Amino acid sequence: MIDAKALHVSIGAIRVLYGVNLQVEAGELVAVVGANGAGKTTLLRALSGLLAASSGEVHFAGGRVDGMPAHHRARAGLVHVPQGRQVIPALTVEENLLIGAEQLTVMSRAQRLSGLAAEYERFPVLCERRDVLAGALSGGEQQMLAISRGLMMQPKLLMLDEPSLGLAPRIVEHILNALRTLADQGVAVLLVEQAALGALKIADRGLVLRGGHCVLEGSGEQLLKDPALVKGFLG
Ligand code: ATP
């Protein structure tokens, strides 16, 4: 679904990514793990078009998208759920979800309603709290809302930046299971996490970033058994 080749990214004078290659197929969940400052967020921002790569190529759903503005990439199905949730606190849960849908101008009322029903089934707590202001939700509920808002755009690829950040282990497990189910339903999922263990457990493949370089790659299972990874990241 996405194929990034030799992606180099600089922020101002600072080089952040050095020739990163990454592929995610439909139905596959790929985890990008790495320590603080490794370049994970920069990678997602370059893929979604929020940052311009200095060189390299990004192919998405059969077409080349580097050079295309972020909102065009999102409409084509490349959806980014940024770090920090970024729900709109003064709008209700349902209004936040409908804003996700409205990014797609071609969506009919029936499609919006079926999107809402699907998200309320995925995260029943959002249905219970549909009329509550997003700012009054717990951190875990806000993360679920951010994911569901992205899914209202019917992504072909959903990219998530540290969805587990600051959440209780039980909520993290619930969210990771929902992402695994999503991949099993055919969506390509790219998950960026500092909490490597949980992400690699549900991933088909994993990639370790260090200092802007991809230093290890393998199946989630292989990486979890890799002594270098365990020593460097998992303790
Ligand atoms: P974290 O888990 O802390 O978000 P990360 O792996 O996502 O880390 P990035 O946020 O991509 O890492 O940052 C990678 C490097 O780029 C870091 O060294 C960071 O200091 C630098 N960097 C990121 N954004 C900027 C910026 N706006 N200006 C200057 N340097 C930046």
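Start at 1 and go down the list; that is how both ligands and their atoms are numbered. The basis for the numbers below is simple: all heavy atoms, side chains too, and nothing from hydrogens, waters or symmetry mates. Since this is a predicted model, take the numbers as computed values, not measurements.
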For atom 8 (O) of ligand 1, the protein heavy atom that lies nearest, with its residue and separation
Gly37 N, 2.8 Å

So that I can tick it off, tell me whether Arg129 and Asp131 are bridged by a salt bridge, with the cut-off set at under 4.0 angstrom between side-chain N and carboxylate O.
no

Any donor and acceptor pair, going by atom type alone, linking the side chain of Asp66 with main-chain N or O of Glu57 inside 3.5 Å?
no

Could you tell me, atom by atom, which parts of ligand 1 come under 4.0 Å of a heavy atom of Ala35?
6 (O)

Work out whether the distance between some heavy atom of Gly212 and some atom of ligand 1 is less than 4.0 Å.
no

Below 3.5 angstrom, do we get any N/O pair linking Ile14 and ligand 1?
no

Protein heavy atom at shortest distance from atom 27 (N) of ligand 1:
Ile11 CG2, 3.7 Å

Run the salt-bridge test on Glu119 and Arg122 with the 4.0 Å N-O cut-off and return the result as yes or no.
yes

Using a strict cut-off of 4.0 Å, indicate which atoms of ligand 1 neighbour a heavy atom of Gln194.
2 (O)

Do Val9 and Ile14 share a hydrophobic cluster (ILVMFWY, side-chain heavy atoms under 4.5 Å, transitive)?
yes

Atom 10 (O) of ligand 1: nearest protein contact (heavy atom, Å)
Thr41 CB, 3.6 Å

Is it true that, when you exclude Glu121 itself, more than 12 heavy atoms of the residues, nucleotides or ligands shown sit nearer than 6.0 Å to its CD?
no

List ligand 1 atoms under 4.0 Å from Ala38, heavy atoms only on the residue side.
5 (P), 6 (O), 12 (O)

The single option from Val208, Val192, Leu207 that satisfies side chain to side chain contact (heavy atoms under 4.5 Å, CB included) with Val33 is Val208

Which of the numbered atoms in ligand 1 are below 4.0 angstrom from a heavy atom of Glu162?
2 (O)

Which label fits His213 and Tyr18: parallel for a plane angle under 30°, tilted from 30 to 60°, or perpendicular past 60°?
parallel

Under 4.0 Å between heavy atoms, the region of Thr42 that gets near ligand 1 turns out to be both

Ignoring hydrogens and geometry, is there a side-chain-to-backbone donor-acceptor pair from Asn21 to Ala6 under 3.5 Å?
yes

Any non-hydrogen atom of Arg45 lying under 4.0 Å from ligand 1?
no

Measure the distances from the heavy atoms of Gly39 to every atom of ligand 1 and state whether one is below 4.0 angstrom.
yes

Non-hydrogen protein atom less than 4.0 angstrom from atom 19 (C) of ligand 1
no

Between Ser10 and Ala13 (side chain of the first, backbone of the second, donor and acceptor by atom type, cut-off under 3.5 Å), is there such a pair?
no

Assess whether a salt bridge exists between Arg64 and Asp3, defined as any Lys/Arg side-chain N lying under 4.0 Å from an Asp/Glu carboxylate O.
no

Among non-hydrogen protein atoms, atom 3 (O) of ligand 1 lies closest to Asn36 OD1, 2.3 Å

N/O to N/O below 3.5 Å, does that happen between Val16 and ligand 1?
no

Quick check on atom 6 (O) of ligand 1 - does any protein heavy atom sit closer than 4.0 Å to it?
yes

Please identify which atoms of ligand 1 are closer than 4.0 Å to at least one heavy atom of Gln83.
4 (O)

If I compare all heavy atoms of His8 with all of Arg15, which pair ends up nearest, and what's the gap?
ND1-NH2, 2.9 Å

